[in-house]
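Below you'll find the structure, written out as structure tokens, and then a few comments.
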Amino acid sequence: MKIQSAEVIVTSPDRNFVTLKLTTDDGLTGLGDATLNGRELAVVSYLRDHVVPLLIGRDAHQIEDTWQFLYRSAYWRRGPVTMAAIAAVDVALWDIKAKAAGMPLYQLLGGASRTGLMAYGHASGRDLPELFDNVRSYLDKGYKAIRIQTAVPGLRAIYGVAGNATTEGNKGKRYDYEPAQRADLPVEEDWDTRKYLTHLPGVFEAVRNEFGADIPLLHDGHHRMTPIQAAKLGKSLEPYDLFWLEDCTPAENQAALRLVRQHTTTPLAIGEVFNTVWDYQTLITEQLIDYVRSAVTHTGGISALKKILDFAAQYQIKSGMHGPTDISPVGMAAAMHLGLAIHNFGIQEYMSHGALTNSVFQQTFTFTDGMLHPGEQPGLGVSLDVDEAGKYPYQTAYLPYNRLADGTVHDW
Ligand code: EZ4
Ligand code: CO
């Protein structure tokens, strides 16, 4: 079974998505997600100019060999653009192999280890009443775990709070909001770590008082703290029993997590911006984290992320795969099949896609009682309507960035 054609499809229904579609000489098709939020066209070029010509005529069954060929023959290693491109090829080939086998993909990864995947949703609010309403709306939808993000008094606009989004289209619209703004320049947000560290514990106390001790609560620090600040935050949140504190420091310095770990028992999750196992080596072998946040899409695909998660399993570290709206329905399906199969599944982030996105991507997954399941259709269970996709051309969009009060650029 040879790869006969490879097409890179760019579409922007509710946001930009990049999808690789492979077709074999047997007439099977496979999809892979290559979306890199805010840098989409770099991956399009990487695929169209440098990967597609190498794929034509290759044996579609040789997933591992193709992965190693693309990774090693590039000579230049790693990086989000390269690894998103390799991920798209890898996932599309798994989709094809599972279709050829007539099985849902998770069966090829070892079969189901559970009946469904516990998912968490994103609640936020500009003040406590708004946050509580938003938490309630997630509970009403069946979510069993909820991420809590809050505005901070004195700060105009910060990550994760829709009410503060500055672009007209997003203002107050959705709480699980889309941070990439369709505009020619990135939106500027503001930041003050001291104000944040003072405000956040009280918000978690209020949420626990309102909703009780049972519900797993999560929080995303989004890379904005120094190690000692992160250690302090982890400690101050201990009474509220978080499921995890995510990205407490910029993740590229793995050793920084030693200091955080020595000071707090709040579980730590990290890795949505990582792209290979090398970003995790110290974190995993020294047991500095509890959850691996990588997405299939940004970490070289199912083959590579499964190896990272198998490695993590030896250290009792579980999965917490990234699942924001910039992971396309194809990338989400890949995450669900992998999460269903591995033993060390932890939790799955889940923000539902918009109606236009769902008109472009037909999907078989279900979300019932807070649990995701990828469905039983052979392959990933996702198809792409090329005509629908063609109605929504690429639109320039950027993630925001942060400045401190004195104008210094800060991690967003
Ligand atoms: O900022 O997906 O945990 N989720 C996140 C996301 C990321 C965006 C970046 O593309 O941190 O909201
Ligand atoms: Co995050």
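Just follow the structure's listing: the first ligand is 1, and inside any ligand the first atom is 1.
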(Q) When you compare ligand 1 with W412, is there at least one nitrogen or oxygen pair between them that comes in under 3.5 angstrom? (A) no
Q. Between W191 and Y159, is the gap from one ring center to the other below 6.0 Å?
A. no
Q: Go through ligand 1 atom by atom and flag the ones less than 4.0 Å from a non-hydrogen atom of E246.
A: 3 (O)
Q. What about Y280 and F274, are their ring centers closer than 6.0 Å?
A. yes
Q. Checking only N/O/S atoms, does E272 have one that is under 2.8 Å from the Co ion (ligand 2)?
A. yes
Q. So, F132 versus F211, ring centres under 6.0 angstrom or not?
A. yes
Q: Give, for atom CD of Q287 and atom CD of Q314, the distance between the pair rounded to the nearest 0.5 Å.
A: 10.5 Å
Q. What protein heavy atom is closest to atom 7 (C) of ligand 1, reported as residue, atom name and distance in Å?
A. E272 OE2, 3.5 Å
Q | Which of the ligand 1 atoms, numbered from 1, are nearer than 4.0 Å to a heavy atom of D220 | A | 3 (O), 4 (N), 5 (C), 11 (O)
Q: Examine R208 relative to F204 and say whether NZ or CZ is less than 6.0 Å from the centre of the six-membered ring and inside a 45° cone about the ring axis.
A: no
Q | Row check, F69 ring normal vs R58 NZ/CZ: under 6.0 Å, within 45° | A | yes
Q) Of all the atoms in ligand 1, which lie at a distance below 4.0 Å from a heavy atom belonging to P324? A) 2 (O)
Q) Checking only N/O/S atoms, does E246 have one that is under 2.8 Å from the Co ion (ligand 2)? A) yes
**Q.** Which residue and heavy atom of the protein sit nearest atom 2 (O) of ligand 1, plus the separation
**A.** D326 OD1, 2.6 Å
Q) With a distance cut-off below 6.0 Å to the six-membered ring centre and an angular limit of 45° from the axis, does K141 pair with Y143 as a cation-pi contact? A) no
Q: Run the numbers for me: atoms of ligand 1, each under 4.0 Å from some heavy atom of R147, listed by number.
A: 3 (O), 4 (N)
Q.
Is there a polar contact, in the sense of an N or O pair closer than 3.5 Å, between Y120 and ligand 1?
A. no
Q. Against heavy atoms of R293, which atoms of ligand 1 measure under 4.0 Å?
A. 3 (O), 4 (N)
Q) If we only count N/O pairs under 3.5 Å, is H222 in contact with ligand 1? A) yes
Q: Mind checking the OG-CE spacing from S352 to M332? Nearest 0.5 Å is all I need.
A: 10.0 Å
Q. How is the N/O/S atom of D220 that comes nearest to the Co ion (ligand 2) named?
A. OD2
Q) Below 6.0 angstrom between ring centroids: does that apply to W94 and Y106? A) no
Q. So which heavy atom in the protein is nearest atom 10 (O) of ligand 1, and how far is it from that ligand atom?
A. N37 ND2, 2.8 Å
Q) How close does the nearest protein non-hydrogen atom get to atom 6 (C) of ligand 1, and which residue and atom is it? A) Y159 OH, 3.3 Å
Q.
Quick one about E272 and S294 (side-chain donor to acceptor, distance below 3.5 Å, no hydrogens or angles considered), yes or no?
A. no
